[in-house]
S.K.: 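Encoded as structure tokens, here's the structure I'll be asking about.
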Amino acid sequence: MASLGFSTLGCPGEPLDHVLELAKRYDFTGLELRTADDEFTHVGLTAAERRELRTRIEDAGLEILAVNSYVHLCAVEEQPLEAHLELAADLGARGVRVFPGDDPEFTGASPSPGEIRALDRVTSASKDSRILLETHDSHSAGAKMAALCRLLDAEAPGHNAKVIWDSAHTWSHGETPAEAFELLEPWIDFIQIKDEDPVDYRPVPIGTGGYPIADLLTTLEGTDYWLSLEWELKWHPHLPPLAEALPATRAWLA
């Protein structure tokens, strides 16, 4: 089985002790750390606090897959990208999760003005940590994200951007796991998983929705990507707690 992680979005506001206990109990070895003022991970941490957080996570044998920011790379407004890249570097994370966040009303030819802004931000960003673009919002479809990544490759060779493939988002936009993987493979850093209702694509308890997990696992045969449960309890409080979702995920993948 692939290495497994989970996002602290699934245990909003809980302390680090709780997160480490869940990871140990269910043998998940990767973490996506939601970064916000109401979480134990945020850009206001002091140098000493960052060292302590990194040490405790490393001592628990865990890897930080991403510092999950709410930076929108295509946005007009100023974005705190550098502060999050610095935090990720201090914590030893693989990178900073960002959203594309392009203008949904734009219907012109690619690249959009937002994608040009994303290119400028990637070009000027510190390379101490990766920028991890999630297939989300304006670029939920693999085809759209792949086009943005090709723009970055062409105009900013040597850039440090990779992709977090939210496999449910690409599926909700009409792409099978095999189709999305073929589109995104050159840039994938790790893969987020969750189950969704096949009609309205809202997150549902693991194993009760329609996401074709068997197709995803078949597509990924022979690869070693991390799989990370993006459990959106913060935004969907009807979901069961991580203490139920984590073992259910192991059974779903078995």
Side-chain angles (χ1 to χ4, degrees), residues 7 9 32-37 42-43 65-89 93-175 179-192 194 196 201 228 230 232 234-235:
S7 170
L9 184 65
E32 294 180 68
L33 298 180
R34 178 176 182 264
T35 307
D37 291 342
H42 55 83
V43 296
L65 304 180
V67 163
N68 283 7
S69 79
Y70 293 92
V71 167
H72 289 79
L73 210 60
C74 298
V76 173
E77 300 81 9
E78 191 66 28
Q79 298 292 308
L81 177 59
E82 285 298 332
H84 285 88
L85 288 170
E86 180 180 345
L87 177 63
R94 291 161 70 106
V96 174
R97 189 281 305 275
V98 302
F99 293 146
D102 206 355
D103 180 0
E105 303 301 320
F106 179 78
T107 57
S110 183
S112 70
E115 289 173 329
I116 296 301
R117 286 189 290 272
L119 171 62
D120 290 343
R121 287 181 171 123
V122 169
T123 301
S124 61
S126 163
K127 290 185 169 54
D128 291 340
S129 295
R130 287 176 173 170
I131 296 170
L132 301 176
L133 277 156
E134 183 179 329
T135 49
H136 192 274
D137 54 67
S138 59
H139 290 65
S140 290
K144 191 76 179 288
M145 181 61 80
L148 175 55
C149 290
R150 286 193 296 271
L151 172 68
L152 297 178
D153 287 352
E155 300 296 332
H159 67 80
N160 66 335
K162 300 284 281 184
V163 168
I164 298 173
W165 175 21
D166 184 321
S167 56
H169 281 171
T170 54
W171 176 65
S172 72
H173 282 69
E175 296 168 347
E179 290 167 342
F181 181 70
E182 183 176 5
L183 288 162
L184 295 170
E185 183 180 8
W187 306 283
I188 294 171
D189 190 89
F190 68 91
I191 300 163
Q192 291 177 336
K194 54 180 171 279
E196 291 186 336
Y201 299 108
S228 180
E230 188 185 38
E232 299 181 341
K234 172 75 174 178
W235 315 127

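Treat the numbers as computed from the prediction; the structure is a model and nothing was measured.
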S.K.: Is there side-chain contact between Ser7 and Asn68, with heavy atoms separated by less than 4.5 Å?
M.R.: yes

S.K.: Show me the pairs that pass salt bridge (charged side-chain N to carboxylate O under 4.0 Å, His left out) and involve residues 145-167, at least two apart or across chains.
M.R.: Asp166-Lys194

S.K.: Give the minimum heavy-atom separation between Ile191 and Ile188, together with the two atoms involved.
M.R.: CG1-CG2, 4.0 Å

S.K.: What are the two closest heavy atoms between Met145 and Val163, and how far apart are they?
M.R.: CG-CG2, 3.9 Å

S.K.: Of all heavy-atom pairs between Pro111 and Ile116, which one has the smallest distance, and what is that distance?
M.R.: CG-CD1, 3.7 Å

S.K.: May I have all residue pairs that pass side-chain hydrogen bond (donor to acceptor under 3.5 Å, both in side chains) and include part of residues 73-89, sequence neighbours excluded?
M.R.: none

S.K.: Check whether any side-chain heavy atom of Glu179 sits under 4.5 Å from a side-chain heavy atom of Trp171, and report yes or no.
M.R.: no

S.K.: Between the main-chain N or O of Ala89 and the side-chain N or O of Ser129, is there a donor-acceptor pair closer than 3.5 Å?
M.R.: yes

S.K.: Please report the shortest heavy-atom distance between Ala143 and Leu183, naming the atom on each side.
M.R.: N-CD1, 3.5 Å

S.K.: Nearest 0.5 Å please: distance from the OG1 atom of Thr35 over to the CG atom of Leu9.
M.R.: 11.0 Å

S.K.: Tell me the closest heavy-atom pair linking Ala93 and Val67, and the distance in Å.
M.R.: CB-CG2, 4.0 Å

S.K.: Nearest 0.5 Å please: distance from the CZ atom of Arg34 over to the CD atom of Glu230.
M.R.: 11.5 Å

S.K.: For Arg94, check side-chain hydrogen bond (donor to acceptor under 3.5 Å, both in side chains) against everything at least two apart and list the hits.
M.R.: Glu63, Asp189

S.K.: Scan for ring-ring contact (aromatic ring centres under 6.0 Å, His included) pairs involving residues 116-139, sequence neighbours excluded, and state none if there are none.
M.R.: Phe99-His136, His136-His169

S.K.: Output the distance between atom CG (Leu81) and atom CD1 (Ile131), rounded to the nearest 0.5 Å.
M.R.: 5.0 Å

S.K.: Between Asp128 and Leu85, is any pair of side-chain heavy atoms under 4.5 Å apart?
M.R.: no

S.K.: Could you tell me the separation between the CG atom of Leu184 and the CD atom of Glu175, rounded to the nearest 0.5 Å?
M.R.: 7.0 Å

S.K.: Taking the side chain as C-beta and beyond, is there a heavy-atom pair between Leu133 and Leu152 under 4.5 Å?
M.R.: yes

S.K.: Report yes if some heavy atom in the side chain of Ile164 is under 4.5 Å from a heavy atom in the side chain of Gln192; otherwise report no.
M.R.: yes

S.K.: Working to the nearest 0.5 Å, report the span between OG1 of Thr135 and CH2 of Trp187.
M.R.: 13.0 Å

S.K.: How close do Ser228 and Leu65 get, heavy atom to heavy atom, and via which atoms?
M.R.: CB-CD1, 4.0 Å

S.K.: Just do the side-chain contact (heavy atoms from CB on, under 4.5 Å) check on Val71 and Val96 with the steps written out, would you?
M.R.: CA-CA 9 Å; Val71 167; Val96 174; 5.5 Å; no

S.K.: Applying side-chain hydrogen bond (donor to acceptor under 3.5 Å, both in side chains), which residue pairs with at least one partner in residues 95-110 are found, sequence neighbours left out?
M.R.: Arg97-Glu134, Asp102-Ser112, Ser110-Glu115

S.K.: Roughly how far, to the nearest 0.5 Å, is the CG atom of Leu119 from the OG atom of Ser124?
M.R.: 9.5 Å

S.K.: Which residue pairs pass the ring-ring contact (aromatic ring centres under 6.0 Å, His included) test with at least one member in residues 103-131, sequence neighbours excluded?
M.R.: none

